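None of the values given here were measured: they were computed from a predicted structure.
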Amino acid sequence: MATAVKISSNEVERLCQQYFGHQGVTETANGGTSENLNLNVIRYQLQPISDSPSGFFGHHHFLVVDVQVTTHSENGRDSIAFNRIRFFTKAAPVGNVAHMEYLEEFGVFQKEIMVYRDVLPRLQNICPGIAPKCYYADNHLLVFEELQHLGYKMAAGRDGLLDYEHLQSAVKALASLHAASIVFEVKQNVKINQIYPLAIKEDAYPENLDPKHVRYQNFVNGIEVFGELIKAMPKYAGQTGYILKNLRPKMSIIFKLAQPSTEFRNVFCHGDLWANNLMYKHDGSSLQCRLVDFQLSRYAPPMLDLITLLTIPTSREFRAKHLMDLLKLYYGFMGEFLKREQLNIDNFLSSAEFWHTFELYRICGLIESCFFCHFIVLPPESTLSLTASTDGFSDFFARKRVEICLKAFHNDDIYHQRLSDMLEDFVDNYILEKGGGE
C-alpha cells in the first residue's frame with residue numbers, strides 16, 4: 001500500500017530544534033544548551049520499517065536525519081559536532097480507497113494528532129514517561145522519538161499474551177496516566193473533556209449510531225463471526241440457539257459503558273490497550289513501560305482501561321491466578337502518584353467505587369478481547385492479505401470476515417486457542433452464567 005509521507009526541510013529543521021530543546025544540555029554539543037546551538041540539516045531520509053504494511057490506523061517509517069550542531073561558547077570558541085538522529089513517523093495510509101474511507105469516517109488519525117499535540121504534553125508534565133515524546137503533529141504526520149533505538153521493544157509473541165512482570169509494569173504506567181489526568185483537572189479546575197472534547201470523544205463505541213455507520217457495521221460483523229465460532233465449538237452443542245439469541249444484546253452493553261460516566265470518576269483513557277501498544281525496556285533491575293498509539297482515547301472510568309489491559313493480553317487461567325493482585329497493584333500505584341501531589345485517592349476514587357466499577361466493567365474486558373483478537377491474532381498470511389490491498393481490506397470489513405476467521409479457527413492452533421478461551425469465558429459467565437467469574 002502506498003503512502004504519501006511528505007516532510008519539508010523546514011519541518012525537519014524544526015524537528016531537530018525541538019529534539020535538542022527536549023534534550024536540554026546535549027552531550028553531543030559539548031555541554032551547550034539549546035539556546036546557543038545552531039543546527040544545519042545536512043540530509044534526511046524516510047525509511048520504511050519493513051516491506052509489509054506496518055499498521056492498521058497508520059503507516060510507519062523511520063526518519064533518519066544527519067545534522068551539524070554548532071555550539072557557541074562564552075569564550076568565543078565554537079565547537080562543531082555531527083549527529084544522526086532517528087525518529088519514528090506515523091502517517092495516514094493512502095492508496096487504498098476502502099481503507100482511507102474507513103479511517104476518514106472513523107476519524108482516528110486526526111484525533112490522535114490532537115491527543116499528542118494538546119493532551120499528552122500536559123499530562124506528561126505531571127507524570128513523565130507515560131508515552132513517547134512527540135516532536136511534530138499536524139494533519140498528515142506524527143513524529144516521535146524512536147523507542148526501539150532507545151532499547152524499548154514489544155514483549156508478546158503472536159498469541160498476544162503478556163506475563164506477570166510485563167503486566168505489572170504496564171499497570172504502573174496506566175496508573176500514572178490516570179493519576180496525571182486527575183491531577184490536571186484538580187490544578188485546572190476543569191474537566192479534560194471540556195477543554196479537549198474532540199481529542200477524547202468516544203469513537204470505538206459511540207452511542208446512537210446510524211446502522212450504516214462504519215463502527216456499527218464493524219460491530220455487527222464481529223458478532224456474526226463470534227456466532228459462527230461458537231457453533232463450531234463442541235462444548236456448546238445443543239445450546240447454540242440460546243447463546244446466539246443473547247450474544248448481541250449482552251455485547252451491546254459496551255456502547256453504554258464506554259461513554260463518560262455520570263456516576264463514577266472519569267479520567268483520560270488510552271482506549272486501545274493490547275500487547276502491541278505497550279513498549280518495554282529493562283532499566284537496571286526495573287522494567288519500564290511506555291504506552292503508544294492513542295487513536296482510540298476516551299474519557300471514562302479508569303476501570304474500563306484497566307480491565308481491558310488485564311484481559312486482552314491474558315488467558316482465563318492467568319486471570320484466575322493473578323487478576324485480583326494486579327487490580328490491587330494498580331490501586332496502590334495510583335494512590336502513590338496522587339500522594340506525591342498531596343492528593344488523597346479516597347477523594348477521587350474510593351476503594352468501594354474501584355471495586356464496584358470492577359464488577360460493572362468486567363464484561364467490557366471480554367467484549368474488547370473478542371473484538372480485538374478476532375482480527376489481531378489472525379495468522380500472518382491472513383493479515384498481510386487483508387491490509388495489503390483494497391480487496392483484502394474490504395473482504396475482512398465487509399464481505400468475507402466470517403470465512404476468513406472460520407478458516408483460521410479451524411487451521412491455526414494459536415487462533416483457535418485464543419478465540420475459544422475468550423468466547424468460553426464470555427459465554428459461561430455472561431450468557432449461561434455458570435462459572436461465577438474467573
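Ring geometry, Phe88 versus His60: the interplanar angle falls from 30° to 60°, so the pair is classed tilted. In this pair, Phe87 and Tyr135 present their aromatic rings perpendicular. The plane angle is above 60°, beyond the 30 to 60° band. Ring pair Tyr361/Phe264 is perpendicular by interplanar angle, where above 60° counts as perpendicular and below 30° as parallel. Ring geometry for Tyr216 versus Phe219: interplanar angle of 30 to 60°, hence tilted. Ring planes of Tyr331 and Phe354: tilted class, angle from 30 to 60°. Between Phe337 and Phe333, the ring planes are tilted. Angles from 30° to 60° get that label.
For Ala155 against Tyr280, the heavy-atom pair with the smallest separation is CB-CD1, 3.7 Å. Across all non-hydrogen atoms, the minimal contact from Leu349 to Pro302 is CD2-CG, 4.0 Å. Tyr44 approaches Ser9 most closely through the heavy-atom pair OH-N, 3.3 Å. Among all heavy-atom pairs drawn from Leu278 and Val292, the shortest one is N-CG2, 4.5 Å. When all heavy atoms of Thr240 and Lys231 are compared, the pair lying nearest together is CG2-CA, 4.1 Å. Of all heavy-atom pairs between Leu123 and Ile192, the closest is CD2-CD1, 4.3 Å.
Residues satisfying the salt bridge (Lys or Arg N to Asp or Glu O under 4.0 Å) test with Lys250, not counting sequence neighbours, are Glu433. In this view, Gln259 and Glu202, Glu207 satisfy the side chain to side chain contact (heavy atoms under 4.5 Å, CB included) rule, not counting sequence neighbours. When the salt bridge (Lys or Arg N to Asp or Glu O under 4.0 Å) test is applied to Glu353, no partner is found at least two apart in sequence or on another chain.
Residues Tyr330 and Asp305 form no side-chain contact, since every pair of their non-hydrogen atoms from C-beta on lies 4.5 Å or further apart. With a 4.5 Å cut-off on side-chain heavy atoms, Tyr242 and Leu432 count as touching. Side-chain contact check for Trp355 versus Lys328: some heavy-atom pair is nearer than 4.5 Å. The shortest side-chain heavy-atom distance between Thr311 and Leu323 does not fall under the 4.5 Å cut-off. Considering only heavy atoms from C-beta on, His374 comes within 4.5 Å of Arg401 through its side chain. Proximity of Tyr299 to Gln194: side-chain heavy atoms (C-beta onward) are nowhere separated by under 4.5 Å. Glu341 is listed as a side-chain neighbour of Lys187, based on a closest heavy-atom distance under 4.5 Å. Annotation: side chain of Leu338 is in contact with side chain of Val183 (closest heavy-atom distance under 4.5 Å).
In this structure, CZ in Phe318 is found 9.0 Å from CG in Leu161, a value given to the nearest 0.5 Å. Here CZ of Phe144 is found 12.5 Å from CG of Leu63. Values are rounded to the nearest 0.5 Å. Here the straight-line distance linking atom CD1 of Ile367 with atom CE of Met422 works out to 13.5 Å at 0.5 Å rounding. Interatomic distance, CG of Leu310 versus CG of Asp325, reported as 11.0 Å (0.5 Å rounding). Atom CD1 of Ile431 sits about 12.5 Å away from atom NZ of Lys245, to the nearest 0.5 Å. To the nearest 0.5 Å, atoms CD1 (Ile223) and CG (Asn218) are separated by 10.5 Å.
Judged purely by atom type and a 3.5 angstrom limit, Asp272 has no side-chain atom pairing as donor or acceptor with the backbone of Leu296. In this structure a side-chain-to-backbone donor-acceptor pair under 3.5 Å is present from Thr89 to His61. Judged purely by atom type and a 3.5 angstrom limit, Asn266 uses its side chain to pair as donor or acceptor with the backbone of Ser261. Listed for the Arg298 side chain is no donor-acceptor partner under 3.5 Å among the backbone atoms of Lys201. In terms of modelled atom types and a separation under 3.5 Å, the side chain of Gln288 and the main chain of His282 share no donor-acceptor contact. When atom types are taken as modelled, the side chain of His410 and the backbone of His416 share no donor-acceptor pair closer than 3.5 angstrom. Under the 3.5 Å distance criterion, the side-chain polar atoms of Glu11 are matched with a main-chain donor or acceptor of Ser8. No side-chain donor-acceptor contact under 3.5 Å links Thr308 to the backbone of Cys364. Of the possible donor and acceptor atoms, one in the side chain of Ser181 sits under 3.5 Å from a partner among the backbone N and O of Phe268. Here the side chain of Glu146 pairs a donor or acceptor atom with the backbone of Gln148 at under 3.5 angstrom.
Residue-environment remark: CG (Asn411) exceeds the threshold of 12 foreign heavy atoms within 6.0 Å.
For the pair Arg265 and Phe348, the cation-pi test (distance below 6.0 Å, angle within 45°) is failed.
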Test Tyr205 against Glu368 for side-chain hydrogen bond (donor to acceptor under 3.5 Å, both in side chains), laying out the working first.
CA-CA 11 Å; Tyr205 302 102; Glu368 287 279 65; 2.5 Å; yes
Next item on the list: Evaluate side-chain contact (heavy atoms from CB on, under 4.5 Å) for Leu360 paired with Met303, printing each intermediate quantity in order.
Entry: CA-CA 9 Å; Leu360 182 64; Met303 184 56 70; over 6 Å; no
side-chain contact (heavy atoms from CB on, under 4.5 Å) evaluation trace for Leu287 with His166:
CA-CA 8 Å; Leu287 183 65; His166 286 89; 3.5 Å; yes
Would you please test Leu229 and Leu406 for side-chain contact (heavy atoms from CB on, under 4.5 Å) and show each step? CA-CA 7 Å; Leu229 298 186; Leu406 269 177; 3.8 Å; yes
* Stepwise side-chain contact (heavy atoms from CB on, under 4.5 Å) test for Met251 and Cys370 -> CA-CA 10 Å; Met251 286 196 161; Cys370 292; 4.0 Å; yes
What do the steps show when you test His270 against Asn277 for side-chain hydrogen bond (donor to acceptor under 3.5 Å, both in side chains), and what is the final call?
CA-CA 10 Å; His270 181 281; Asn277 286 343; 4.7 Å; no
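Of the options Lys111, Glu112, Met114, a side chain to side chain contact (heavy atoms under 4.5 Å, CB included) to Ser297 is made by Lys111 and by none of the others.
Aromatic pair Phe226/Phe426: centroids not less than 6.0 angstrom apart.
The existence of a salt bridge linking Lys407 and Glu403 is excluded, since no basic side-chain nitrogen approaches an acidic carboxylate oxygen closer than 4.0 Å. Between Glu336 and Lys339 there is no salt bridge, since no side-chain N of the basic residue sits under 4.0 Å from a carboxylate O of the acidic one.
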